[in-house]
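Written out below as structure tokens is the structure these notes cover.
Numbers restart at 1 for each chain; the letters A, B, ... are given by sequence-line order, proteins then strands. In what follows, every heavy atom counts, from backbone to side chain, and hydrogens, waters and symmetry copies are set aside.
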Amino acid sequence: MYDEKYDVVVIGAGHAGCEAAHAAARMGLATALYTMNADLIAQMSCNPAVGGIAKGHLVREIDALGGIMGLVADQAGIQFRLLNTSRGPAVWSPRAQEDKAGYRHVMRGILEQTPNLFIKQAEVTEIVFADGRVTGIELLDGRRVQSQTVVLTTGTFLNGLIHIGEKQFPAGRNGEPASIALASCIRAAGFNWGRLKTGTPPRLDRRTVDLSVFEPQYGDSNPTPFSFRTSTSLENKICCYVTHTDEKIHDVIRRNMGRSPLYSGQIQGIGPRYCPSIEDKVVKFRDKDRHQIVLEPEGVDTHEIYVNGMSTSLPIDVQREILSKMKGLESAQMIRPGYAIEYDFVQPTDLSPSLETKKIRGLFLAGQINGTTGYEEAAGQGLMAGINAGLKVTGGEPLMLGRGDAYIGIMIDDLVTKGTNEPYRMFTSRAEFRLNLRIDNADTRLTPIGRRVGLVTDRHWDAFVERQGRLGRLRQAIQETRVDTAHSFFLSRSLEFRDRPGIASLLRRPEIRLEELIREGVLATEVLRREDIVSAETDIKYEGYLKQQDKEVEKLRKAEAKRLPDDLDYSRMPGLSREVAEKLTRVRPQSIAQASRIPGITPASLSIVLFHVEMLRIRSHSESAVQ
Amino acid sequence: MREGLHKIVSLDETIVAISTPLGRSGIGVVRISGRDALCLGKKFLKTKSPLEHRRAIVGIWHDDRGQSIDDVIGTFFQAPHSYTGEDVLEISAHGNPMILGRIVATVCGGGARPAAPGEFSLRAVANGKMDLIQAEAVREFIDAQTERQAEVARRQMAGSLSNRLRPAKEKLIDSIARLEAGIDFAEDDVEVPDDGAIAKEFDPIIESLEEVQKTYGYGRLLAEGLRVAILGKPNVGKSSLFNRLVGAERAIVSEIPGTTRDVLTEAVEIDGIPLRFFDTAGVRETLNPIEKIGVIRAFETLSEANMAVIVLDGSMALDDEDRQVLSHAAGMPHVIVINKCDLPEAMTSSSLNGSVSVRVSAKTGAGISCLSDAIRGFLLERQSDVADDFVLTNMRQNEVMLRAIGALREGSSALRDHVPHEMVLLNLYDALSALGELTGEVVTEDILARIFSTFCIGK
Ligand SMILES: Nc1nc2c(ncn2[C@@H]2O[C@H](COP(=O)(O)OP(=O)(O)OP(=O)(O)O)[C@@H](O)[C@H]2O)c(=O)[nH]1
Ligand SMILES: [Mg+2]
């Protein structure tokens with residue numbers, strides 16, 4: 001029947017698929033990664049950058065768990081910036097411009113060096129399942145591949161339809177075929193599918209652009225890597241260029257609005273509000289007289305430039321007219337036009353928090369197919385889907401990160417609890433325990449978990465243990481050291497003390513920074529990384545807020561510990577309205593905490609559910625007592 | 001945002017509620033359940049012997065300033081041998097709703113929270129204190145209560161309270177959206193005003209919340225009744241006035257100074273608001289031990305009253321004893337009554353230093369309606385705290401309001417101190433979730449929607 005057999009099959013080698021395949025293979029499982037084009041593994045279909053606010057947190061977490069996105073982004077990165085440093089460390093987030101070709105190259109290299117991982121070029125046309133359980137896949141060439149777990153990460157390829165002005169054509173990305181057969185298979189399986197839309201801007205030829213008129217945006221002088229494992233120093237090789245649109249350009253857009261498929265009714269899919277096309281910006285924010293545009297080089301060996309901020313589906317001649325009105329781009333040549341793409345997604349409420357579909361056991365979905373957008377969101381889900389597919393094969397309990405543990409946990413919980421109606425993107429404001437979920441402590445939060453499931457290599461683990469030791473010694477020194485008040489640090493700042501204060505009490509003063517105390521020799525330490533200092537300092541400076549947050553986390557953990565059995569019959573629970581019962585039945589929350597987050601669930605209905613579950617518990621107790 | 005969490009009844013806080021039906025029953029029970037039950041008992045219940053499992057002990061319930069509230073019987077039940085399976089303290093007091101309410105208030109002040117409907121039973125079930133049949137019965141009760149009550153409460157609140165709070169909530173969401181946009185979209189050109197300017201925006205929000213919270217004073221009067229203490233030196237006609245006001249010969253009247261010794265009380269209604277008059281012993285320096293106790297009780301009654309009626313004898317000149325009494329009531333709302341206006345006048349109004357007074361005769365009934373008007377005036381004054389017909393009457397709502405106000409104040413001062421916004425937002429979300437409890441929840445999506453409709457974000 002079957003031509004080949006694997007433990008885990010991953011369909012699609014984008015950012016989700018690569019993490020999924022790598023994770024499963026690292027766990028020791030025979031893993032096949034299917035892609036329609038092995039030369040385009042880890043292709044960055046949109047902007048040439050990784051990270052950004054909240055997204056940088058995701059990358060850090062992926063790295064801490066033993067994933068690979070951070071390593072690749074560091075190696076292929078060509079400009080590095082730490083964002084939001086004017087605020088507290090909880091919202092600092094790294095971002096890097098990437099060399100697109102380099103990114104594909106580095107990723108492919110890592111995958112090829114991963115034992116148990118086999119890259120396969122073929123089009124998958126069907127997922128084979130029987131009795132609600134996956135048995136394998138079928139390829140376009142007729143071969144069948146057996147596997148008890150399949151991770152589906154098809155990005156924008158399922159029934160992908162590209163729009164450029166009045167023109168539309170099926171494609172997965174511009175120039176690549178869409179997955180039509182697989183899409184019909186998914187629709188036929190009875191998932192709640194829908195259509196989403198996303199867009200991308202035109203790409204220009206650098207030789208035809210006058211960069212001298214733009215304001216350059218440089219990388220940090222002291223780059224912050226994504227990965228805790230990156231030890232080589234990073235180098236900024238390019239810079240970006242900032243400019244703005246003006247009313248002249250807005251006029252062009254307004255004049256041609258009728259030709260935008262977004263406004264002619266041609267596009268049905270819903271696009272993200274936070275990543276609007278240039279035509280959306282002009283229409284919805286009428287009184288804004290300029291919009292920011294950033295020119296981002298797509299690599300070091302190419303002249304291609306990405307026009308960030310000008311995502312559009314307007315016809316090519318209008319795109320050209322817009323560009324020609326922009327200072328410095330008057331004679332710019334387009335290498336590729338901008339376009340919008342519509343694609344199928346599956347409503348993620350069809351998934352368990354392990355990312356396994358509820359309908360077909362053994363089938364996991366990750367990435368844009370779940371209604372998200374962004375490389376980092378995709379990679380985070382891919383990693384979790386890969387881990388959980390692996391655990392499914394080995395018979396382990398699924399790994400589910402809580403909202404108090406990681407951004408990854410928040411993202412997945414949001415998706416499976418609430419579903420989504422627009423492409424979902426991560427924001428720090430989605431994290432109710434934001435102060436705890438920092439980039440500097442991602443390893444403390446997650447590396448032990450990654451180690452437990454078998455993703456964290458010995459070398460990675462040793463480095464982790466080493467850092468924890470360093471942090472421990474630093475914290476101890478902070479608690480125990482009393483300063484010499486005659487030190488020039490204090491004299492130069494005319495700070496006077498009655499007795500010798502400890503470092504910890506000094507740090508509670510907003511104006512005193514641990515970094516300075518160490519730099520000026522008030523506190524002697526071993527060689528530290530900047531983030532060691534941030535970790536230790538944050539814990540003291542913001543202790544009050546952190547404690548307040550910890551109390552909330554504690555409440556959450558308790559509510560999470562109140563598990564709701566999988567087979568609860570909400571429709572027969574007296575006192576619940578039908579609407580509430582239906583919502584609970586659709587989502588099947590795993591805990592009372594998850595139930596509380598379903599929109600429209602009232603406190604009263606939660607009490608009823610809690611009550612019911614407690615009664616079931618008593619019943620089973622009293623029955624077991626009888627026996 | 002703390003999505004959903006606030007919707008879950010937390011089973012590990014200490015809760016309190018009046019567990020007998022409110023009304024004029026002879027005895028009322030306040031039940032406290034949870035970890036702090038014993039500790040709260042030790043704090044507020046003064047007894048001769050310490051609280052022990054299952055032993056009824058007589059004592060006096062005090063408030064947090066050490067003022068006694070009522071003679072009570074306290075019974076402590078140690079976990080797990082109680083109705084809920086937790087430590088439980090039951091306080092039996094006089095069935096006066098006012099007294100029971102004040103006991104609950106002291107317990108809440110000590111860190112407990114008012115129980116949600118059916119919560120004692122829920123805890124009993126959660127702690128395995130009920131068999132199946134009992135639990136089924138209780139469940140029906142809770143099912144009936146919760147969803148229907150929630151529905152009723154929601155409808156009620158959807159009206160006035162929500163309408164009152166909505167503008168403040170909207171403004172708060174605006175401010176939160178602005179701060180969040182500044183954090184999450186620092187890369188886009190989002191303009192965030194400086195900290196001081198944002199902190200200033202909170203002032204009107206706090207003010208409008210305080211306006212609503214202030215109505216609780218009046219709301220409590222509505223719910224619990226107005227306490228009016230009648231005070232004066234001996235023989236001025238306090239008991240006569242008391243009888244007149246309550247419309248019955250309740251108190252002994254005699255021409256002998258020092259007739260009244262104990263505090264007498266009687267309830268009436270003015271404009272639908274329950275009112276309770278207290279007749280007290282005449283206040284003077286005395287060596288008589290019994291009269292002395294009477295005077296002490298008179299002052300206690302005064303301290304627990306919402307307002308005082310100070311009685312003077314108009315047929316005599318103002319003397320030092322009168323001045324003493326007047327000084328005791330100076331710090332609280334009061335009405336000065338010049339009694340015996342049927343007799344020749346010896347007291348000049350000018351001797352009262354401009355204080356407003358009412359001339360009455362307890363004997364003939366003259367001027368009594370003016371006194372009633374003065375009391376009504378006091379109520380009206382309280383009512384003027386109430387801008388429209390909305391009044392906060394529920395203690396729980398009041399607590400939530402106070403929480404919102406407190407959190408906003410903290411957030412505003414943190415902003416002025418330039419604390420990073422992601423921390424200030426903890427306070428603001430705290431306030432928002434409190435408001436959400438009163439008006440209907442707010443979720444992350446609402447904030448994001450506000451950001452995206454306010455700022456042009458994204459590349
Ligand atoms: N003429 C006249 N006599 C009054 C009036 N009110 C009270 N009296 C008389 O004043 C005397 C004292 O009256 P009470 O009502 O007992 O006075 P009290 O203030 O309660 O006195 P103590 O309880 O002793 O403090 C009695 O003889 C009353 O009849 C009044 O309005 N006019
Ligand atoms: Mg009397």
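Contact record, A:Y545 with B:M423: CE2-O, 3.5 Å, taken as the closest heavy-atom pair. Across every non-hydrogen atom of B:G182 and A:N84, the tightest pair is O-OD1, 4.3 Å. Here the shortest heavy-atom pairing between A:G88 and B:P420 reads N-CB, 3.7 Å.
Proximity to chain B is absent for every atom of A:Q594, based on heavy atoms less than 4.5 angstrom apart. Using a 4.5 Å cut-off between heavy atoms, A:F285 touches chain B through its side chain atoms alone. Using a 4.5 Å cut-off between heavy atoms, B:D12 contacts chain A through its side chain alone, with no backbone atom that close. Proximity to chain B (any heavy atom under 4.5 Å) is shown, for A:L556, by both the backbone and the side chain.
A:R87 places a side-chain heavy atom less than 4.5 Å from the side chain of B:I183. Side-chain contact check for A:F433 versus B:L426: every heavy-atom pair is 4.5 Å or farther apart.
Other residues, nucleotides and ligands contribute only 12 or fewer heavy atoms inside 6.0 Å of the CZ atom of B:R35. Counting heavy-atom neighbours within 6.0 Å of B:K200 NZ, excluding the residue itself, gives a total of 12 or less. Other residues, nucleotides and ligands contribute only 12 or fewer heavy atoms inside 6.0 Å of the CD atom of A:E579.
With hydrogens and angles disregarded, no donor-acceptor distance shorter than 3.5 Å links the side chain of B:D184 to the backbone of A:I53.
At a heavy-atom separation below 4.5 angstrom, chain A is approached by no residue within residues 171-178 of chain B.
Checked for salt-bridge contact, A:R434 and B:E180 meet the test: a charged N lies under 4.0 Å from a carboxylate O.
When the candidates A:K284, A:K562, A:K558 are compared by the number of heavy-atom contacts under 4.5 Å with chain B, A:K558 comes out ahead.
With values rounded to the nearest 0.5 angstrom, B:S433 atom OG is found 8.0 Å from A:E552 atom CD. How far OG1 of A:T428 is from CZ of B:F185: 8.5 Å, rounded to the nearest 0.5 Å. Between A:W92 atom CH2 and B:E422 atom CD the span is 10.5 Å, to the nearest 0.5 Å. Taking CD of B:E13 as the reference point, atom NZ of A:K555 lies at 5.5 Å (rounded to 0.5 Å). We find the CG-CD distance between A:L83 and B:E187 to be 4.5 Å, quoted to the nearest 0.5 Å.
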